[in-house]
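For reference, the structure is listed below as structure tokens.
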Amino acid sequence: MSSTIDSILVEDRVFPPSRAAVEGAAVPGMASYKALCDEAERDPEGFWGRLASEHLRWRKPFTRILDESRAPFYTWFEDGELNVSENCLDVHLENGNADKTAIIFEADDGTVESISYRRLHARVCRIANGMKSLGYGKGDRAIIYLPMSIEAIATMQACARLGVTHSVVFGGFSSRSLHQRIVDVGATLVFTADAQLRGGRPIALKPAVDEALAGEGGEIVRKVIVYKRSGADVAWDDGRDVWLHELEAAQSDICEPVAVESEHPLFILYTSGSTGKPKGVQHSSAGYLLWASLTSQWVFDARPGDVFWCTADVGWVTGHTYIAYGTLAAGMTQVVFEGVPTYPDAGRFWEMIQRHKVSVFYTAPTAIRSLIKAAQASPDTHPRRYDLSSLRLLGSVGEPINPEAWIWYYNNVGNGRCPIVDTWWQTETGGHILAPLPGATPLKPGSCTFALPGISAGIVNEAGEDIPNGRGGYLVIKRPWPAMIRNVWGDSKRFKDSYFPPELKGYYMAGDNAQRDSDGYYWIMGRTDDVLSISGHRLGGTEIESALVAHELVAEAAVVGRPDATTGEAIVAFVILKGRTPEGPQAEALARELRDWVASEVGPIAKPRDIRFGNNLPKTRSGKILRRLLRVVAEGQEVTQDVSTLENPDVLKQFSGVY
Ligand code: PRX
């Protein structure tokens with residue numbers, strides 16, 4: 001990481017908002033931004049209370065705003081009741097937007113299907129009625145394992161309509177990961193598809209569900225609702241499996257939304273931590289929706305004619321907040337894409353922006369970096385070959401964007417006209433936390449700029465004391481905010497231990513290192529723990545290690561990340577076998593086998609890029625694996641650090657072969 005950070009810290013170009021960006025913006029100019037920040041500073045509860053009354057439709061108005069008596073188990077608007085789906089759909093049927101396009105869906109093969117708010121509402125109602133007819137309702141939990149589709153979004157909304165808590169599992173996760181989540185969340189219903197289509201190929205989904213449900217504890221799932229996407233043959237359990245289209249066909253277009261308490265869990269989304277199995281991040285209904293909607297309006301500066309496109313998958317938090325909820329609550333028209341950026345060629349994103357006249361485009365630095373490479377290799381896919389004049393705003397999320405990629409994105413995609421909102425946030429924060437406001441904030445390439453109004457971010461040392469600008473430390477959020485994580489599903493202790501270490505004065509600890517420059521701009525410097533960021537996807541080193549040691553030939557394993565010019569980080573696994581250490585073709589064959597093994601245990605995204613075999617791992621005398629030294633080896637560099645704590649300093653020499 002060090003070279004990226006150095007290049008970021010010498011960056012001193014500043015891009016003030018153009019007049020066009022300021023005019024008509026949701027937050028026009030720094031004075032408006034500061035006024036909101038001051039309001040929140042003076043009276044945080046009054047600020048959030050005002051926004052919650054103005055921006056949400058309540059079934060039962062709240063009288064209390066924040067309850068801190070059980071900190072860090074904060075509650076917001078606790079005695080209020082509302083329905084999230086009503087706030088995302090029904091409100092638009094009454095404000096003249098019923099026939100506005102909600103979703104423009106583009107399939108992998110280029111087929112386009114648009115759906116208005118009115119028709120989306122009807123579909124959501126039919127699915128919700130279908131769920132009701134199968135006996136599901138408030139308090140139940142459902143797993144959603146679906147490809148990017150109108151159906152995925154409608155299903156999430158249908159759950160919200162009934163108060164069924166959903167947990168979406170990314171289609172790239174294996175049946176084992178799916179099984180783990182089904183059991184942990186206690187799901188009694190699963191939504192899936194026969195297959196998903198990506199890059200011209202069908203990838204089966206239903207078999208992974210069948211396998212997951214055959215595992216221990218899988219029998220709690222009563223029904224599997226299957227969306228027919230590819231028409232592929234699937235195994236069928238008559239008592240359990242139901243086709244989505246058959247279920248919907250029999251239902252009415254009207255389904256009364258169920259009012260739920262503000263704190264009712266809207267969803268649980270699993271994410272990787274530094275240790276152990278993935279954590280089920282539990283989000284609320286009202287507080288989450290408020291921030292999802294507000295940040296869509298502020299940061300994406302939602303304007304009436306916008307066509308918004310977030311390229312994330314609904315399996316990640318970005319796809320929850322800025323596809324399934326916030327952007328719908330804000331009444332935006334959005335593009336939803338089934339496929340991959342490189343099929344049929346690396347011009348796909350630019351072609352789609354041109355075709356659908358996208359005005360706000362939100363993607364990850366990894367995608368930008370890989371499209372830069374592709375454009376260099378085959379000039380036909382260069383964004384300048386397309387008409388991208390509809391764009392007015394660009395966004396970046398998930399990992400630090402290096403200034404070089406930022407400038408390329410700015411010049412070649414935005415044609416030097418479109419501000420870039422580099423948004424820092426996490427599964428746990430529910431929505432943007434550090435981000436520019438496009439009509440206000442002067443931008444610096446590589447910086448996510450400032451905290452949004454109402455967010456009391458800071459950088460502190462090990463004792464929770466503020467660190468002056470120009471020095472790195474722990475990124476924290478000092479006061480609670482409505483969209484924050486409410487709990488780790490089923491593990492309150494882990495929630496407290498992971499996010500609120502006592503030495504940090506009760507602040508929310510993000511797990512990122514960051515610093516502020518002399519102008520107060522935030523620069524993210526990477527994680528403080530063993531969490532890896534691969535193509536902007538968060539993976540736990542320990543999850544991959546446990547998968548590796550579950551292989552019959554593996555005795556021990558340590559996994560670290562090494563910087564990668566395209567994917568941010570690449571996974572490097574140091575593996576100790578039970579038998580002899582292999583070399584040459586034998587090592588290559590085994591490395592292939594272990595990669596496939598990890599793909600089947602965790603998912604293809606977790607496959608190690610490099611595997612290095614050795615006889616033992618570098619450990620301290622007390623037996624702790626020294627991952628910082630392995631990181632140096634993984635980068636192919638000479639170890640110059642102090643190795644005196646190592647039990648056996650020669651241990652690093654053995655890992656020379658890379659497979
Ligand atoms: O390290 C930060 C990085 O992604 C982590 C959160 O990952 P996840 O929960 O999967 O959510 C990703 C999408 C919101 C953070 O702890 N990260 C996210 N956005 C940025 C970032 N790092 C630098 N700049 C960003 N804009």
Side-chain angles (χ1 to χ4, degrees), residues 100-117 119-120 122-124 126-127 144-158 168-172 191-209 225-234 243-246 248-249 307-316 318-320 322-324 327-328 332-364 367 370-371 374 381 386 388 390 604:
K100 181 173 177 174
T101 302
I103 297 172
I104 303 166
F105 172 71
E106 180 160 322
D108 188 55
D109 68 1
T111 313
V112 175
E113 181 192 347
S114 295
I115 185 166
S116 64
Y117 272 93
R119 285 184 43 236
L120 180 61
R123 274 210 81 175
V124 168
R126 286 201 297 272
I127 298 175
I144 298 178
Y145 188 61
L146 282 170
M148 284 301 284
S149 51
I150 293 172
E151 286 67 16
I153 297 159
T155 299
M156 292 164 82
Q157 285 284 341
V168 183
V169 177
F170 175 56
F191 287 92
T192 191
D194 47 3
Q196 55 181 333
L197 299 171
R198 287 169 75 82
R201 288 188 308 130
I203 306 164
L205 285 176
K206 171 101 176 7
V209 173
I225 302 177
V226 188
Y227 162 46
K228 191 178 234 174
R229 173 68 192 102
S230 72
D233 277 342
V234 286
W243 285 113
L244 177 66
H245 60 273
E246 288 179 6
E248 263 188 72
V307 177
F308 173 78
W309 182 17
C310 164
T311 66
D313 190 284
V314 286
W316 309 103
T318 309
H320 281 59
Y322 302 111
I323 295 180
T327 36
L328 288 180
M332 296 178 91
T333 294
Q334 56 182 334
V335 173
V336 169
F337 178 41
E338 179 180 40
V340 296
T342 48
Y343 177 80
D345 62 40
R348 183 70 181 263
F349 275 6
W350 322 132
E351 194 197 323
M352 283 180 60
I353 292 172
Q354 172 180 288
R355 179 160 42 248
H356 301 301
K357 303 204 170 21
V358 171
S359 56
V360 182
F361 180 63
Y362 190 41
T363 195
S370 71
L371 296 175
T381 66
Y386 299 82
L388 306 183
S390 56

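If you're wondering where the values come from, they're calculated on a predicted model, not measured in any experiment.
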Discussion item. Looking at Ser359 and Ser390, would you say the former's side chain and the latter's main chain have a donor-acceptor pair under 3.5 Å?
Written reply: no

Fill in: Any donor-acceptor pair under 3.5 Å from Arg198 side chain to Tyr343 backbone
no

Practice prompt. Return yes if some donor-acceptor pair links the side-chain N/O of Thr333 with the main-chain N/O of Thr101 below 3.5 Å, else return no.
Written response: yes

Practice prompt. Please name the pair of heavy atoms, one in Tyr227 and one in Trp243, separated by the smallest distance, quoted to 0.1 Å.
Written response: C-CZ3, 4.4 Å

Practice prompt. With sequence neighbours excluded, tell me which residues meet ring-ring contact (aromatic ring centres under 6.0 Å, His included) with Phe349.
Written response: Trp309, Phe361

Worksheet item: At their closest point, which heavy atom of Val168 faces which heavy atom of Gly315, and how far apart are they?
Response: CG1-CA, 3.8 Å

Worksheet item: Donor-acceptor pair, Glu338 side chain versus Asp108 backbone, under 3.5 Å?
Response: yes

Worksheet item: Do other residues, nucleotides or ligands put more than 12 heavy atoms under 6.0 Å from Lys100 NZ?
Response: yes

Worksheet entry | Partner residues of Phe191 under the ring-ring contact (aromatic ring centres under 6.0 Å, His included) criterion, sequence neighbours left out | none

Response to the item:
Closest non-hydrogen contact found for Leu371 with Pro341 is CD2-O, 4.3 Å

Practice prompt. Mind listing the closest non-hydrogen atom pair of Ala152 and Pro147 along with its distance?
Written response: CB-O, 3.5 Å

Practice prompt. Work out which heavy atom in Thr327 is nearest to a heavy atom in Tyr117; give both atom names and the distance.
Written response: O-OH, 3.9 Å

Worksheet item: Which of these passes side chain to side chain contact (heavy atoms under 4.5 Å, CB included) with Ile153: Val336, Val124, Ile115, Ile144?
Response: Val336

Practice prompt. Begin with the C-alpha distance, continue with both residues' side-chain angles, and end with the deciding distance and a verdict on side-chain contact (heavy atoms from CB on, under 4.5 Å) for Leu388 and Trp350.
Written response: CA-CA 7 Å; Leu388 306 183; Trp350 322 132; 4.2 Å; yes

Discussion item. Looking at every heavy atom in both Ala193 and Leu146, which two are closest together, and how far apart are they?
Written reply: N-CD2, 3.7 Å

Worksheet item: Does Gln196 reach the main-chain N or O of Met148 with its side chain, forming a donor-acceptor pair under 3.5 Å?
Response: no

Worksheet entry | Check: Asp194 side chain, Arg229 main-chain N or O, donor-acceptor pair, under 3.5 Å | yes

Fill in: Candidate list Leu120, Ile104, Thr155, test side chain to side chain contact (heavy atoms under 4.5 Å, CB included), partner Ile150, passing option
Leu120

